[in-house]
Amino acid sequence: MGNTKEKKTKQKKNNRKWYFRLLKKMMKCRYKKPTFVYLGEKFDEGAIILSNHEGTDAPMSLEIYSGARLRMWGAHEMNSGLIKMYKYQTRVYYHEKKHWNLFLARLFCLIASPLTNLFYSGLNLISTYRDGRLKTTIKESVEAIENGDNIVIFPEVSTKGYLAELEGFHEGFVLLAEACLRRGKDVPIYVTYFKKNEKIYVVDKPVNYSVLKGKYKTREAVAKVLLERCNELGKMTFEEKVENETKEENKQKENAE
């Protein structure tokens, strides 16, 4: 009886809703599969993944193609119903961050926001806040990590929009890593960078939070060193590696046929 209950709980956590899986298949037409370049090991379970944002391209590429169990952090406005989402998308996301004309953003979101709202309800987003409610975000994230999910965070400071070279990292992910450590989980942190034009997702070697904490004594210092590493990943070139991986994928497809 207990094993059956545990199995059902695990299945519920691993599986997305049916309509969400259908939406993901449809979105492959819009979001083409990137090449994942791993400088170390592939995503495991119970880790923190940091990434640049690149509009919707980085989040969607991870969700559709990474093959990992993911829970993403996202602004609570995007997870608080259609009306709040519409207001946030038009003014903050499309107008302030992507620099769209405000009227065009409002017009576009009349169609986009209902679809986005449907998608986000299936994504099982973890809401983030800029006040004391961040404690709720941390608590839910720690529980997700303990259940084997990877927490994806886009910590870049984006007041000027989404830039190729990131100007800063918010430090919320350090609070999460510290909370995990207090619960006895030395969480590995993957720094990643999505090179949108080249369709390459660079994944650095994971580093355990205890190692970072031993070297850098403040949250600001940890955030700064990982920001610098993220920008370094964005400047790397991988033409030969991508070519070899593409050949290997084609070979596997031929063998499968």
Side-chain angles (χ1 to χ4, degrees), residues 16-31 48-64 70-141 143-144 149-176 194 196 223 227 230:
R16 301 295 199 195
K17 295 178 181 178
W18 68 268
Y19 73 84
F20 183 76
R21 296 197 299 271
L22 180 61
L23 280 173
K24 282 172 62 172
K25 288 181 180 179
M26 294 170 61
M27 287 184 174
K28 288 183 178 180
C29 297
R30 158 64 177 85
Y31 300 97
I48 294 175
I49 300 171
L50 306 180
S51 177
N52 62 322
H53 205 293
E54 277 292 2
T56 58
D57 290 85
M60 292 305 305
S61 295
L62 278 176
E63 173 61 32
I64 297 173
L70 305 178
R71 293 284 303 280
M72 295 188 184
W73 277 18
H76 69 92
E77 293 91 344
M78 297 292 288
N79 205 30
S80 303
L82 180 57
I83 294 176
K84 287 186 177 180
M85 174 182 283
Y86 175 80
K87 291 179 179 179
Y88 179 82
Q89 275 194 303
T90 53
R91 180 164 293 279
V92 178
Y93 181 72
Y94 284 106
H95 180 59
E96 295 179 5
K97 295 185 183 295
K98 301 197 76 174
H99 311 298
W100 283 32
N101 174 276
L102 184 57
F103 173 76
L104 292 177
R106 287 172 174 163
L107 192 63
F108 176 75
C109 286
L110 289 174
I111 299 173
S113 291
L115 295 174
T116 306
N117 186 55
L118 180 65
F119 185 82
Y120 269 60
S121 66
L123 188 59
N124 203 11
L125 191 77
I126 297 178
S127 297
T128 60
Y129 302 90
R130 293 174 290 276
D131 53 30
R133 291 175 294 174
L134 183 62
K135 292 180 181 178
T136 304
T137 306
I138 299 298
K139 182 176 182 295
E140 185 176 354
S141 301
E143 291 173 353
D149 292 318
N150 296 300
I151 301 299
V152 181
I153 302 174
F154 305 94
E156 68 180 278
V157 176
S158 56
T159 50
K160 296 180 182 178
Y162 300 120
L163 306 176
E165 184 163 359
L166 284 58
E167 294 187 339
F169 266 3
H170 295 292
E171 299 156 17
F173 72 89
V174 187
L175 294 175
L176 172 57
F194 182 53
K196 180 178 177 180
L227 165 73
C230 188

Return the minimal non-hydrogen interatomic distance between [X] and [Y], and the atom names on each side.
X	Y	value
M27	M60	SD-CE, 3.4 Å
L82	N117	N-OD1, 3.9 Å
I48	F173	CD1-O, 4.0 Å
L123	M72	CD2-SD, 4.5 Å
C230	L166	SG-CD2, 4.1 Å
G172	I138	O-CD1, 4.1 Å

Could you give all pairs that pass the salt bridge (charged side-chain N to carboxylate O under 4.0 Å, His left out) test and reach [range], with sequence neighbours left out?
range	answer
residues 108-133	E77-R130, D131-R133
residues 162-174	K160-E167, E165-K235, E171-R219
residues 50-59	R30-D57, D57-K196
residues 81-95	none

Got a second to check how far [X]'s [atom1] is from [Y]'s [atom2], nearest 0.5 Å?
X	Y	atom1	atom2	result
N150	L70	CG	CG	6.0 Å
L134	S127	CG	OG	11.5 Å
L23	L115	CG	CG	8.0 Å
T136	K139	OG1	NZ	8.0 Å
I153	I49	CD1	CD1	10.0 Å

What donor-acceptor contacts under 3.5 angstrom involve side-chain atoms of residues 102-113, with partners at least two apart or in another chain?
{"from": "S113", "atom 1": "OG", "to": "Q89", "atom 2": "OE1", "distance (Å)": "2.6"}
{"from": "S113", "atom 1": "OG", "to": "C109", "atom 2": "O", "distance (Å)": "3.2"}

Original post:
Once the angle between the rings of Y93 and Y162 is folded into 0 to 90°, is it parallel (under 30°), tilted (30 to 60°) or perpendicular (over 60°)?
Top reply: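 Aromatic pair Y93/Y162 classed tilted.
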
Original post:
Partners of S51 by side chain to side chain contact (heavy atoms under 4.5 Å, CB included), sequence neighbours excluded?
Top reply: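 Residues passing side chain to side chain contact (heavy atoms under 4.5 Å, CB included) with S51: A58, F154, T192, Y201.
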
Subject >> Close side-chain approach of T56 to Y31, heavy-atom, < 4.5 Å >> reply: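 Yes, their side chains come closer than 4.5 Å.
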
**OP:** Compare all side-chain heavy atoms of P59 with those of H53 and state whether any distance is below 4.5 angstrom.
**Re:**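 A side-chain contact exists here, since the closest heavy-atom pair is under 4.5 Å.
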
**OP:** Could you tell me whether the side chain of R71 and the main chain of N124 form a donor-acceptor pair under 3.5 Å?
**Re:**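 At least one qualifying donor-acceptor pair exists.
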
Subject >> Flag, side chain of T128 to backbone of W73, donor-acceptor distance under 3.5 Å >> reply: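 No.
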
**OP:** For the pair I126 and T137, evaluate side-chain contact (heavy atoms from CB on, under 4.5 Å) and give the outcome as yes or no after the intermediate values.
**Re:** CA-CA 7 Å; I126 297 178; T137 306; 3.8 Å; yes

Original post:
Does NZ in K98 sit with more than 12 non-hydrogen atoms of other residues, nucleotides or ligands closer than 6.0 Å?
Top reply: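 Above 12, so yes.
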
**OP:** Test side-chain contact (heavy atoms from CB on, under 4.5 Å) on F194 and L62 and set out the steps.
**Re:** CA-CA 9 Å; F194 182 53; L62 278 176; over 6 Å; no

